[in-house]
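Predicted model, so just to flag it, every value in this text is computed and none were measured. Whatever order the structure lists them in is the order used to number ligands and atoms, beginning at 1.
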Amino acid sequence: MKFLSLALTLAAATLGLADNTITFVSQDSVDRTVHFTPNPGMPDIKAVEVAGKKNATVDIPHGWIGNFFSISKGKDVVPGMLGEVAFNSWGGITFFDVSAIVDPNDHVGVKQMWPSSDRKPTSGCDLFPCAFAYYLPDDIQTQATKETDLICTLGGDSATIGVDQRDIQDDGAAVFSRDFVVGRGLPVRL
Ligand SMILES: *[C@@H]1O[C@H](CO)[C@@H](O)[C@H](O)[C@H]1NC(C)=O
């Protein structure tokens with residue numbers, strides 16, 4: 001009984017924990033809204049406005065799996081370039097990637113993602129197309145981090161805080177299949 005109530009207390013504490021964030025970094029003067037699409041069974045996340053040249057940080061629930069896309073002001077809400085995330089997954093690892101699978105021609109929204117304290121590993125492109133985003137479902141492009149705060153750049157013809165793509169790719173870093181970012185992956189150890 002004691003064990004059960006302890007387990008319930010721990011579960012409640014875990015569910016209430018907003019220990020993850022994504023900071024959206026606008027790289028141009030366009031105002032945008034970022035829309036979130038949760039995986040089935042995951043909580044909704046309210047769409048967030050990211051004003052041109054500004055940042056907006058969004059709290060992400062513990063263990064959240066889903067994706068997001070950016071819509072420039074005045075445009076129809078149609079999913080384009082996706083940021084895909086699986087927070088606090090196997091072994092506490094957070095998986096993330098940028099996916100061009102839905103609309104490879106959306107070059108004005110989601111650009112790149114990386115863990116906030118380190119540019120390595122980075123997913124996505126400063127200038128699309130590049131070799132670091134998903135184009136086919138069986139590409140191997142999902143990145144992994146033990147960090148729970150991610151950066152996602154939006155827009156800009158050439159990134160204002162971006163650096164040469166080749167300098168930010170870590171040749172030694174493990175990359176994963178898309179299964180991991182959509183919640184289908186097997187346990188891994190980094
Ligand atoms: C937005 O966040 C990025 C990345 O952390 C940082 O380099 C930049 O200074 C921030 N810009 C603003 C306007 O806060």
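The shortest heavy-atom distance from Thr23 to ligand 1 is not under 4.0 Å.
Taking Asn55 as the reference, nothing meets the side chain to side chain donor-acceptor pair (under 3.5 Å) condition, with sequence neighbours excluded.
Any N or O atom pair closer than 3.5 Å counts here, and Asn55 shares at least one such pair with ligand 1.
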Please set out all donor-acceptor pairs under 3.5 angstrom arising from side-chain atoms of residues 94-102, sequence neighbours excluded.
| from | atom 1 | to | atom 2 | distance (Å) |
| --- | --- | --- | --- | --- |
| Thr94 | OG1 | Asn88 | N | 3.1 |
| Asp97 | OD2 | Thr142 | OG1 | 2.6 |
| Ser99 | OG | Ile101 | N | 3.2 |

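Within ligand 1, counting atoms from 1 as listed, the ones closer than 4.0 Å to a heavy atom of Val25 are 1 (C), 2 (O), 3 (C).
For the residue pair Asp149 and Thr21, a side-chain donor N or O sits within less than 3.5 Å of a side-chain acceptor on the partner.
With values rounded to the nearest 0.5 angstrom, Arg32 atom CZ is found 10.5 Å from Ile71 atom CD1.
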